[in-house]
Amino acid sequence: MNQRLKQHICNALQICYERGTLKSAQLPEIALEVPARAEHGDFSTNLAMVLARAERMAPRKVAEALVAVLEESAAEWGRVEIAGPGFINFFLASGHWFEILDEVLRRGADYGRSNFGKGKKVQVEFVSANPTGPLHIGHGRGAATGDAVAAVLAAVGYQVQREYYLNDAGNQMQTLGRSLLLRYRELLGEAVEFPDDCYQGDYIRELAQEVLESKGRALLELTEDEAIEQIGAYGGGRIRDGIDQDLEDFGVYFDNWYSEQSLYDRGEVERGIALLRERGLTYELDGALWFKTTDFGDDKDRVLVRSNGVTTYFASDVAYHKEKYERGFDLVIDVWGADHHGYVPRMKAVLAGLGRDADDLQCILVQLVNLLRDGKQVAMSTRSGEFVTLRQVIDEVGKDACRFFFLSRRSDSQLDFDLELAKKQSNENPVYYVQYAHARVCSINRNAVEAGIALPAAGEVDFNQLTLEDELALVKQLSRYGEVVEGAAQHFEPHRIVFYLQDLAARFHSYYNKGRVLTDDIETSRARLYLINGVRIVLENALLLLGVSAPERM
RNA sequence: GCGCGAUUAGCUCAGCUGGAUAGAGCGCUGCCCUCCGGAGGCAGAGGUCGCAGGUUCGAAUCCUGCAUCGCGCGCCA
């Protein structure tokens, strides 16, 4: 609708130039917006004010010239008016709006999808939690965000891959093994000193207990190195299984798991460093090799190879990102905890060092989740290993509420997550409110079928039956869905869909309360059924993008 | 100290990248079930958009400074 109207305005502008009523002969970007107030029309443009300077005319005069042309097609397009300082407001004929309803019903699950991304290859990398402990609630927000961003991008025509980067190199697995072995010995009655750099959480004790139960004292027979390796491998495997299970129950699937270790095994890390060196972007100082990230706007230069000869995590990240583009991705999106924001400039520097546009990498920063119970903060401290796991939250409030809440704010703002609220089955809880709207339509459908009214197929309905203002307003809201998804994709902001859903659900509930869908008049009933099923389709499509189910009964 | 981000209704937050009288949910107050699911709806009260300048037809939105809060500043990952 938007696009067609823009074209219409553009044509009118051309005619003004041909007739000489306007002179500047520019074709500026036409900005159309949906005014906040209904009295200002369905769409509004500030075009006249933008052109005023070049035309050397008052904005309202420019608007008059344009409107003179636009009014010639008023019969087809609807009323046009000039308002305020020079806005041109459009009141579209209702027939244009109802065409959209046909489109919704005809396209079904496809409604809202587009080719905006033109098949560009995008990779979304998210979660990527170290496999040394269970996923906690912060990882959950990252998972919900990454998955929704990926889904939204896929919906608007990008080719999307979801990837999990597995930090399986370095000494973390070693540390895991050491931590487990110490707890294991402790369980066997040894007095052990548990160092700070070991993993503190209770899950380490639980895993050690498992080992004890299956192997008894056998590990004590091994050398320390052997024991660390064995127990570490076992524990790492169990933790991985746990992560897999959590993600599955959260409805998040990855297309690819990428091993950091494999970068070393294939010599990618060496090649990455060599490339930067060849380009003259490195230097040696105090026995270490540095990357001049300050050339590209970073605060300070960063070490690639330490003076002891060991490469840094940053070095494998250089290789990892270099390799991403070699795999053919045009755009790479990294979803990180917001505490990593200082890492953004150096990764942008990597892009520049590779000779790519810095915008080919987008970092989405996900802020902390503040867990509340009845308004009071739940104690949480990752330092001591006392964190709330994603598992606990899924088990308590369910996947749907969890994902919906995680996505209900911009990802870069902190989130208060009230567990009691998320469990409530009332209008205080936005998840239920939206899902209930969907279930309600389904319920009416069942009643209709029972009453012998078949659900109308696309194009089978007389729109003249839909005369209520609320009905038109609902259709207008449905028409905006595509732009909402596109905006969410363009800005990597899935929360826009959450807000849209709440708005659509509210309009639907309000409509439902004002009158009956199923009336004595069969044609009216059919037309209203058609309308609410348009609503149902959009609710379902939008919920699916968020990874939240659209239940038929609740 | 330097850098990044925030500051909008009592609370939690939107505000479509500069538009018209700043919006929503919760909470509060008062209403609505002979009615397809009340897990719902309607109405009301509630604002100096942190402060001060600047840019222009026009600023919550852009620029500068200040204040307060959060986070980050390893040859860790």
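Convention: sequence-line order gives letters A, B, ...; per-chain numbering from 1.
Using a 90° window around 0 for the glycosidic torsion, B:C57 falls outside it and is classed as anti. In B:U17 the base sits syn relative to the sugar, since the glycosidic angle is no further than 90° from 0.
When only modelled atom types and interatomic distance are considered, A:Gln477 and A:Asp503 share a side-chain donor-acceptor pair under 3.5 Å. In summary, the side chains of A:Asp168 and A:Gln261 do not present any donor paired with an acceptor at a separation below 3.5 Å, with no hydrogens or angles considered. A donor atom on one side chain and an acceptor atom on the other are found under 3.5 Å apart for A:Tyr511 and A:Glu471. A donor-acceptor pair shorter than 3.5 Å cannot be found between the side chains of A:Gln367 and A:Ser413. Inspection of the A:Thr311 and A:Tyr264 side chains reveals an N or O donor paired with an N or O acceptor under 3.5 Å. No side-chain donor-acceptor contact under 3.5 Å links A:Tyr320 and A:Glu268.
Using a 4.0 Å heavy-atom cutoff across all strands shown, A:Lys300 reaches sugar-phosphate atoms only and no base atom. Nucleic acid contact for A:Val310: none, since no nucleic acid atom lies under 4.0 Å from a heavy atom of the residue. Residue A:Leu372 is out of contact with every strand shown, counting any heavy-atom pair closer than 4.0 Å. The residue A:Ser443 sits close to a base: some heavy atom pair falls under 4.0 Å. The residue A:Gly86 sits apart from the nucleic acid: no heavy atom pair falls under 4.0 Å. Within 4.0 Å (heavy atoms only), A:Ala448 reaches no atom of the nucleic acid at all. Within 4.0 Å (heavy atoms only), A:Phe499 reaches sugar-phosphate atoms of the nucleic acid but no base atom. Within the 4.0 angstrom heavy-atom criterion, base atoms lie near A:Arg516.
Stacking between A:His341 and the base of B:G5 is absent under the criterion of ring centres within 5.5 Å and planes under 30 degrees. Centre separation under 5.5 Å together with a plane angle under 30° holds for the ring of A:Phe87 and the six-membered base ring of B:A20, marking them as stacked.
Distance CG (A:Leu501) to C1' (B:A24): 14 Å, rounded to an integer number of Å. Note: OH (A:Tyr165) to P (B:A77) measures 11 Å, nearest angstrom. Atoms CD1 (A:Ile497) and C1' (B:A14) sit 15 Å apart, rounded to a whole Å. One interatomic measurement links the two molecules: CG of A:Leu421 to P of B:U12, which rounds to 14 Å at whole-angstrom precision. Atom P of nucleotide B:G15 and atom CD of A:Glu493 are separated by 6 Å, given to the nearest angstrom. B:G40 atom C1' lies 17 Å from atom CZ of A:Arg507, rounded to whole Å. Atom pair A:Asn308:CG and B:C75:P shows a separation of 12 Å (rounding to whole Å applied). Summarising the geometry, the separation between NE2 on A:His495 and C1' on B:A14 is reported as 7 Å, rounded to the nearest angstrom.
Each of A:Val34 and A:Ala439 was matched to the nucleotide of RNA chain B holding its nearest heavy atom; the match closer to the 5' end belongs to A:Val34. Where A:Tyr433 and A:Asp299 meet RNA chain B, the nucleotide closest to each residue was compared, and A:Asp299 sits on the side nearer the 5' end.
Taking atom P in both B:G74 and B:G15, one finds a spacing of 34 Å when rounded to whole Å. The same atom, C1', is picked in B:G50 and in B:U8; the two are 10 Å apart, to the nearest Å. Look at the P atom in both B:U68 and B:C62: the space between them is 23 Å, to the nearest Å. B:G54 and B:U21 have their C1' atoms separated by 26 Å, given to the nearest Å. Here the separation of B:C49 from B:U7, taken at their P atoms, is 14 Å to the nearest Å. If you take atom P in B:G72 and the same atom in B:C66, they sit 24 Å apart, rounded to whole Å. Comparing the C1' positions of B:U12 and B:C51 gives an interatomic distance of 24 Å, to the nearest angstrom. Of the C1' atoms belonging to B:G19 and B:G40, the separation is 36 Å, rounded to the nearest Å.
Side chain A:Ser307 to base B:C75: a donor-acceptor pair is found below 3.5 Å. The base of B:G40 is paired with the side chain of A:Asn513 by a donor and an acceptor separated by under 3.5 Å. One can find a donor-acceptor pair under 3.5 Å joining the base of B:A20 and the side-chain atoms of A:Asn89. Taking 3.5 Å as the limit, the base of B:A20 and the side chain of A:Ser44 contain a donor-acceptor pair of atoms between them.
Which of B:G15, B:G40, B:A77 sits closest to the side chain of A:His509 comes down to B:G40. You'll find that the side chain of A:Asp339 is closest to B:C71, out of B:A20, B:C71, B:A77. Distance from the side chain of A:Asp286 is smallest to B:C75 among B:C75, B:C71, B:A77.
One finds no side-chain N or O of A:His491 lying less than 4.0 angstrom from the OP1 or OP2 phosphate oxygen of B:G15. Residue A:Tyr343 places no side-chain N or O under 4.0 Å from the OP1 or OP2 atom of B:C73. Contact annotation: A:Arg306 side-chain N/O to B:G74 OP1/OP2 distance is not under 4.0 Å.
Taking both residues in full, the closest heavy atoms of A:Tyr500 and A:Val484 are given as CD1-CG2, 3.7 Å, listed atom of the first, atom of the second, then distance.
Across all strands shown, nothing is found opposite B:G18 as a Watson-Crick or G-U wobble partner with both distances under 3.5 Å. In this entry B:A24 has B:U12 as its Watson-Crick or G-U wobble partner, both defining distances falling under 3.5 Å. The nucleotide B:U29 finds its pairing partner in B:A43, both defining distances of the Watson-Crick or G-U wobble pair being shorter than 3.5 Å. Judged by Watson-Crick or G-U wobble contacts below 3.5 Å, the nucleotide B:G74 has no partner. Under the Watson-Crick or G-U wobble criterion, with both distances below 3.5 Å, B:A52 is paired with B:U64. Nucleotide B:G5 has B:C69 as its partner under the Watson-Crick or G-U criteria, with both atom distances under 3.5 Å. Pairing for B:C35 is absent, judged as Watson-Crick or G-U wobble with the two contacts each under 3.5 Å. Remark: B:A59 base-pairs with no nucleotide; criterion is Watson-Crick or G-U wobble with both hydrogen-bond distances under 3.5 Å.
Checked against the 6.0 Å centroid threshold, A:Phe406 and A:Phe417 count as a close aromatic pair. Ring-centre distance between A:Phe126 and A:Tyr164: not below the 6.0 Å cut-off.
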Step-by-step salt bridge (Lys or Arg N to Asp or Glu O under 4.0 Å) determination, A:Arg373 to A:Asp418: CA-CA 5 Å; A:Arg373 190 177 290 285; A:Asp418 194 316; over 6 Å; no
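A salt bridge links A:Lys324 with A:Asp334; the closest basic N to acidic carboxylate O contact falls under 4.0 Å. Using a cut-off of 4.0 Å between Lys/Arg side-chain N and Asp/Glu carboxylate O, A:Glu420 and A:Lys424 are scored as not salt-bridged.
Annotation: proximity of residues 396-416 of chain A to RNA chain B (heavy atom, distance under 4.0 Å) is found for A:Arg409, A:Arg410, A:Ser413, A:Gln414, A:Asp416, numbered in ascending order.
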